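Each ligand, and each atom within it, is numbered from 1 in the order the structure gives. Computed from a predicted structure; not experimentally measured.
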Amino acid sequence: MNICIIGFGSIGRTLAKALHEMDDINNIFIIEKKPEKVQDLDEDLTKIRYSENYDDVLEDCRLVVETAAQDAVTKFIPHALEKGVSSLVMSVGAFSDDNLWDKCKILAKQNNCKIYIPSGAICGIDGLGGLGGLDVGEIEEVILMSYKSPKALKGQKYFKQNNIDITNLSRPKVVYDGWARDAVKHFPKNVNVAATVSLAGLGFDRTRVKLIVDPKAQRNTHRLIVKARSGEIECWTRNLPFPENPRTSYLAALSLISAVKRIIGSAWVGI
Ligand SMILES: NC(=O)c1ccc[n+]([C@@H]2O[C@H](COP(=O)([O-])OP(=O)(O)OC[C@H]3O[C@@H](n4cnc5c(N)ncnc54)[C@H](O)[C@@H]3O)[C@@H](O)[C@H]2O)c1
């Protein structure tokens, strides 16, 4: 089978190399706005090839995997779903646009395919989704607390606009406390986890997000708290950065590889 990857950066490249080792995979087509990124590959990675023609790729493709940026979701994913090709999306923040999310769900339904969102850089999405199974108000509250180093949040406009100084901190400081809907607007480059939690649980308008700058943070840490009538979930994820890109957590790439294996494989544990 053939798979298309949009975006050949840290995550896309790691996925492509993992797919290359799988017997079931014949071709891995790469759509990338900087084609030179695909040219420095080892010669033995023969299944991986750059493609200029997305329409041709979609003709004979089992799955599209987006690992690029939010604008690439808008540009490429609806078209894949229109052609009946299931799509796995990493830049989940794009779906804070309700119109895009609704459009993609309708297209998937009309064309008998699916949109997949991996758990990415956070654990606990399985339990959160499970509690929401009956959709009858079981979940009472969802809080996501993300702890980042000053370096990981450097240069955010939100801090300037709100006179928040994150330099020379001696202890952790809460720099944002509000709904996910606003968090994704204020911190567009740090929104994927908040978006995934929102889509899995109470939505963008009822998911509370706290962002904490921790001067001692070595890892991107997320604490997910879910309060429900049937019990509570509290889940910590302490991520090491991706070796080639400190802004991305390594778990995000690994969770994506695992998601693709489940989608194309014959068994699905933890659905
Ligand atoms: N869901 C999660 O938990 C999670 C975690 C980490 C990263 N992410 C997201 O995954 C995406 C990829 O992350 P990364 O660390 O690999 O990024 P990266 O910057 O290393 O790579 C992105 C690649 O996509 C290419 N690209 C960007 N826009 C494009 C477009 N419109 N068309 C074609 N190619 C395009 C870039 O040239 C680059 O090569 C980002 O949007 C990131 O925010 C999600």
Hey, what's the ring geometry for Tyr250 with Phe242, parallel, tilted or perpendicular (30° and 60° as the breaks)? perpendicular
May I ask whether Val191 and Met90 are part of the same hydrophobic cluster, defined by side-chain heavy atoms of I, L, V, M, F, W, Y residues being less than 4.5 angstrom apart, directly or through others?
no
**Prompt:** Val85, Ile117: one ILVMFWY side-chain cluster at the under-4.5 Å cut-off?
**Reply:** yes
Atom 34 (N) of ligand 1: closest protein heavy atom, distance to 0.1 Å, is Lys33 N, 3.1 Å
Practice prompt. Please work out whether the ring planes of Tyr54 and His79 are parallel, tilted or perpendicular, with thresholds of 30° and 60°.
Written response: tilted
the protein heavy atom lying closest to atom 7 (C) of ligand 1 turns out to be Ile11 CD1, 3.6 Å
**Request:** Answer with yes or no whether the hydrophobic clustering places Val92 together with Ile6; edges join I, L, V, M, F, W, Y residues whose side-chain heavy atoms lie under 4.5 Å apart.
**Result:** yes
A student checking ligand 1 against Val92 at a 4.0 Å heavy-atom cut-off should list atoms 1 (N)
One finds that the ligand 1 atoms under 4.0 Å from a non-hydrogen atom of Ala69 are 28 (N), 41 (O)
Basic-acidic side-chain contact under 4.0 Å: Lys103, Asp97
no
Per-atom filter on ligand 1: closer than 4.0 angstrom to a heavy atom of Lys37 are 38 (C), 39 (O)
Checking heavy-atom distances from atom 35 (C) of ligand 1 to each of Ala68, Ser10, Gly12, the winner is Ala68
Within-shell test, Phe76 vs ligand 1, heavy atom, strictly < 4.0 Å: yes
Looking only at protein heavy atoms, what sits closest to atom 12 (C) of ligand 1 is Thr67 O, 3.4 Å
If we number the atoms of ligand 1 from 1 as shown, the ones under 4.0 Å from a heavy atom of Gly120 are 3 (O)
closest protein heavy atom to atom 1 (N) of ligand 1 is Met90 O, 3.1 Å
Worksheet item: Between Ser249 and ligand 1, does any nitrogen or oxygen pair lie at a separation below 3.5 Å?
Response: no
Subject >> Basic-acidic side-chain contact under 4.0 Å: Glu140, Arg229 >> reply: no
If you scan protein heavy atoms around atom 11 (C) of ligand 1, the nearest is Ser91 OG, 3.6 Å
For Gly9, the ligand 1 atoms with a heavy-atom partner under 4.0 Å come out as 16 (O), 20 (O), 21 (O), 23 (C), 39 (O)
Within-cut-off N or O pair, Gly7 and ligand 1, under 3.5 Å
no
> Between Ile11 and Tyr116, is there a shared hydrophobic cluster once you connect ILVMFWY residues whose side-chain heavy atoms come closer than 4.5 Å?
Replying inline: yes
- Item | Parallel, tilted or perpendicular, as decided by the 30° and 60° cut-offs, for the rings of Phe187 and Phe159 | tilted
When distances are taken from atom 15 (O) of ligand 1, the protein heavy atom at minimum range is Thr248 OG1, 2.5 Å
Note: heavy atom closest to atom 36 (C) of ligand 1, options Gln70, Lys34, Glu32, Glu66, belongs to Glu32
message = Taking Lys17 first and then Asp42, would you say they form a salt bridge - that is, a charged N and a carboxylate O separated by under 4.0 Å?
response = no
Which of Ile166, Asn190, Val213 passes side-chain contact (heavy atoms from CB on, under 4.5 Å) with Lys148? Answer is Asn190
Counting from 1 in the order shown, the ligand 1 atoms closer than 4.0 Å to a non-hydrogen atom of Phe8 are 23 (C), 39 (O)
- Task: Kindly say whether Ser91 contributes a backbone atom to a donor-acceptor pair with the side chain of Glu66 at under 3.5 angstrom?
- Result: yes
shortest atom 43 (O) of ligand 1-to-protein heavy-atom contact is with Asn192 ND2, 2.8 Å
heavy-atom search around atom 6 (C) of ligand 1 in the protein gives Ala252 CB, 3.7 Å
